[in-house]
4 protein chains.
Amino acid sequence: MTEAINTRKKPRQIRAQATVAAILEASAHILVDDGHDALNTNKIAERAGVSIGSLYQYFPNKEAVMTELIRQKRSRMLTAVDMALDDTRSDVFDTALDAVLASIIQLHLNWPRLALALDQAEAFLPLDDETIQFKVALNGKIKEVLGRQGSKVSEQTIQDVVAIAKGMIEQASLARETDEVDLRRRIMRAVIGYLGR
Amino acid sequence: MTEAINTRKKPRQIRAQATVAAILEASAHILVDDGHDALNTNKIAERAGVSIGSLYQYFPNKEAVMTELIRQKRSRMLTAVDMALDDTRSDVFDTALDAVLASIIQLHLNWPRLALALDQAEAFLPLDDETIQFKVALNGKIKEVLGRQGSKVSEQTIQDVVAIAKGMIEQASLARETDEVDLRRRIMRAVIGYLGR
Amino acid sequence: MTEAINTRKKPRQIRAQATVAAILEASAHILVDDGHDALNTNKIAERAGVSIGSLYQYFPNKEAVMTELIRQKRSRMLTAVDMALDDTRSDVFDTALDAVLASIIQLHLNWPRLALALDQAEAFLPLDDETIQFKVALNGKIKEVLGRQGSKVSEQTIQDVVAIAKGMIEQASLARETDEVDLRRRIMRAVIGYLGR
Amino acid sequence: MTEAINTRKKPRQIRAQATVAAILEASAHILVDDGHDALNTNKIAERAGVSIGSLYQYFPNKEAVMTELIRQKRSRMLTAVDMALDDTRSDVFDTALDAVLASIIQLHLNWPRLALALDQAEAFLPLDDETIQFKVALNGKIKEVLGRQGSKVSEQTIQDVVAIAKGMIEQASLARETDEVDLRRRIMRAVIGYLGR
DNA sequence: CATGAATGAGACTTCATTCAT
DNA sequence: AATGAATGAAGTCTCATTCAT
């Protein structure tokens with residue numbers, strides 16, 4: 001009997017996953033194409049090819065859609081940084097930092113306007129547990145990278161480095177830069193300059 | 001929106017100018033207190049102690065209020081930079097850059113949330129003539145400062161320097177930093193490091 | 001108005017069609033009772049026993065409601081004329097014209113003020129495709145009727161005949177005439193007199 | 001002393017006349033250019049080059065402006081008919097009717113859209129004393145013309161003749177006809193046909 | 001579960017009119 | 001008298017959300 005239940009549940013869950021994915025994808029597209037002010041649940045549902053009722057089956061309200069989009073972004077970011085660090089066998093500081101930057105820039109340049117929109121939404125988010133946890137996790141990884149350089153790394157330093165990188169990447173996004181390698185080189189210069197040899 | 005921005009009459013009487021000022025001030029307050037999503041013309045008029053009709057005498061639509069706020073911010077910024085440069089008698093690069101940074105940071109730390117909100121609004125503005133002119137003007141001044149250092153200054157360099165400063169100032173804003181002197185010191189370090197002796 | 005007419009969804013469910021019908025009926029009633037200047041979407045929705053939101057589900061704006069009312073009127077008119085012509089087995093000119101007049105007068109005297117209001121609205125409509133098509137269709141039918149008389153029928157003649165009938169019917173409407181038979185007799189006299197044996 | 005008052009009053013009255021004239025002219029222009037729905041007091045004042053306060057000095061409300069426009073139209077119409085009849089020395093029916101038609105058509109073709117707009121406004125006017133008096137006066141004149149033909153003229157006949165002429169003139173207006181002579185000829189044919197030899 | 005019709009609070013905007021200067 | 005800034009009721013329209021089918 002339990003088996004029967006399970007076999008009937010699975011397809012539903014798969015369909016549900018597809019629905020959720022479609023909703024998030026549609027939201028991202030609207031954000032990119034028309035901007036945050038034009039994002040509304042009816043449009044999301046329409047563009048996702050889903051009824052408005054279905055949207056509210058999976059998201060309690062409009063804000064939840066944005067929150068989930070941010071959650072995805074954060075998750076992709078942490079994963080990317082982790083992978084960058086894993087790939088870097090050596091303990092050489094420069095190489096590690098470069099790899100991390102490469103992974104983050106990748107995320108931004110893929111969908112510049114989306115990244116920007118989500119960054120903005122994030123900036124005005126209340127500092128809930130999840131946000132704090134994410135920042136702790138990210139800062140921890142950055143600290144690890146900067147630590148390979150030898151000297152001690154203060155919280156202030158981490159935030160400054162993140163701020164520098166974020167500022168330069170966003171500006172590159174807005175300017176529609178495409179030369180990822182050059183951008184990385186310039187950010188490295190600023191960060192290393194800031195850290196001071 | 002069919003209507004071009006600034007079709008509405010310019011305030012001639014003193015009373016009218018007070019009305020416009022009240023509207024802009026109220027808008028800024030709401031932006032700071034409740035965020036961009038909570039900004040609406042009814043609330044603006046109420047908070048400004050003005051009838052909704054008066055708002056529409058001077059602004060063709062809601063967007064125009066934001067636009068004027070941005071215009072003000074830009075104007076204040078250019079003025080501040082000019083004054084900083086005027087005050088700096090010496091041609092010493094560090095001193096000039098420090099003075100400019102001080103003036104810009106001042107603008108941000110005075111009203112951190114407003115500065116942030118306007119920066120964000122600006123990021124999604126279409127690149128109209130006015131926006132371009134502002135960027136040209138600002139970049140010109142920055143170029144002058146950086147030029148005092150001796151070496152040639154590319155457009156890329158200017159934008160990177162601006163991006164670094166902007167990124168760090170905004171992050172300081174969000175973190176509610178108040179030590180303006182320390183912030184300036186750190187930005188100087190990053191910029192000078194980036195420029196490379 | 002940026003939005004083209006008829007962007008809104010077509011009613012699929014029966015319930016939706018009832019809503020649309022109620023909106024149009026309510027609009028007609030208001031037009032009749034209070035006149036064109038008093039017609040507004042809130043009142044329409046209220047009188048239709050429908051929420052204002054529902055109105056905007058099916059009509060992109062207020063004008064679209066008027067447009068649909070006119071469309072209905074035109075459709076009823078063409079149908080009425082067709083039926084009148086079908087019923088007239090003989091090829092006798094007088095009988096056919098009389099039948100057509102009877103059907104059109106019927107439409108007017110049923111709801112004089114509505115017919116009048118729609119005629120007026122029509123007069124100031126831009127000459128869009130639909131309007132032209134309607135006029136072509138109607139004139140074609142009138143031409144057929146007049147053609148039974150024997151002589152050739154110019155476009156000018158058709159328009160004059162239509163103008164005469166329209167002028168007399170509208171004046172009868174305003175004067176609240178009720179004797180349809182007498183009105184028809186007088187119009188016939190004017191038309192036949194104009195055509196000149 | 002009375003003289004002093006008079007000499008100071010005159011210029012004021014002249015200026016006032018000019019203001020009133022400007023307001024009415026502006027209203028007519030807006031009616032023609034943008035239609036009845038776009039007519040509003042602020043726009044009228046602006047287009048008249050007069051302050052909104054001045055408009056309300058001379059007209060108690062918006063409706064009064066329209067009313068005055070209609071009053072003007074009626075007055076011009078009666079005057080035109082009178083002049084046409086005066087000019088017609090002979091008692092010949094055809095000549096007199098032709099002259100009257102010519103004068104009325106003149107008024108319409110000069111400013112077709114204005115005439116149309118005012119006709120429409122008139123149609124929905126309450127039947128106040130002034131309206132009734134105008135109709136009585138006009139019908140009286142028409143009766144006089146038709147009477148020259150010999151037979152007795154019923155009220156019905158007068159209204160039908162007016163309706164025929166009005167219908168055909170308005171249709172010619174809408175069709176932007178310019179050949180006044182031909183139009184007159186066709187109307188004569190319809191009217192004479194209607195009257196029956 | 002999905003659908004999509006319906007809701008209505010609330011946002012945007014206009015415009016007739018008043019009144020202080 | 002003339003001006004034009006100010007008013008606010010009322011109209012247009014949107015969109016997050018609910019709920020009957």
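Worth saying up front: this structure is predicted, and the values here are computed from it rather than measured. Throughout, protein chains are lettered first and strands after them, A, B, ... in sequence-line order, and every chain is numbered starting at 1.
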Rounded distance (Å) that lies between atom C1' of F:dT14 and atom NZ of B:Lys62: 12 Å
Under 3.5 Å on both distances, the Watson-Crick or G-U partner of E:dT21: F:dA2
Check: C:Lys73 side chain, C:Leu114 main-chain N or O, donor-acceptor pair, under 3.5 Å: no
Expected output: side-chain C:Thr67 to main-chain C:Glu63 donor-acceptor under 3.5 Å: yes
Touch class at under 4.0 angstrom, heavy-atom based, for B:Asn42 against every strand present: base
Evaluation steps, side chain to side chain donor-acceptor pair (under 3.5 Å), between C:Arg74 and C:Thr131: CA-CA 9 Å; C:Arg74 288 171 171 173; C:Thr131 301; 3.3 Å; yes
Whole angstrom value for the distance that separates P of E:dT14 from CD1 of D:Ile30: 16 Å
D:Ser51 side chain near F:dA2 phosphate (N/O to OP1/OP2, under 4.0 Å): no
Atom-to-atom span, CG of B:Asp37 to C1' of E:dG10 - whole angstrom: 15 Å
Closest-nucleotide ordering on DNA chain F, the 5'-leading residue of C:Arg15 and A:Leu39: A:Leu39
salt_bridge(D:Asp34, D:Arg113) N-O dist < 4.0 Å: no
Distance below 4.0 Å between A:Asn61 side-chain N/O and F:dA16 OP1 or OP2: no
E:dA2 phosphate, OP1 or OP2, under 4.0 Å from A:Tyr56 side-chain N/O: no
Interatomic distance where CZ belongs to C:Phe59 and C1' belongs to E:dA5 [whole Å]: 15 Å
For atom CD1 of B:Ile14 and atom P of E:dA20, their distance in whole Å: 17 Å
Any donor-acceptor pair under 3.5 Å from C:Lys43 side chain to C:Ser27 backbone: no
Between E:dG8 (P) and C:Ile44 (CD1): distance, integer Å: 18 Å
Side-chain heavy atoms of B:Phe124 within contact of A:Gln120, under 4.5 Å: yes
Spacing of C:Tyr58 atom OH relative to F:dT12 atom P, expressed in whole Å: 20 Å
Atom-to-atom span, CD of B:Glu46 to P of F:dT7 - whole angstrom: 13 Å
Of B:Leu55 and A:Gly53, the one whose closest DNA chain F nucleotide lies more 5': B:Leu55
Side-chain-base donor-acceptor pair under 3.5 Å for C:Gln57 and E:dA6: yes
D:Ser54 side chain near F:dT3 phosphate (N/O to OP1/OP2, under 4.0 Å): yes
Among E:dT7, F:dT12, E:dT17, the one nearest D:Thr41 by side-chain distance: E:dT17
B:Asn40 side chain near E:dC12 phosphate (N/O to OP1/OP2, under 4.0 Å): yes
Among E:dG8, E:dT7, F:dA16, the nucleotide that comes nearest once only the side chain of C:Ile52 is considered: E:dG8
Any strand: nucleotide that pairs with E:dC15 via Watson-Crick or wobble, under 3.5 Å: F:dG8
Touch class at under 4.0 angstrom, heavy-atom based, for D:Thr19 against every strand present: nothing
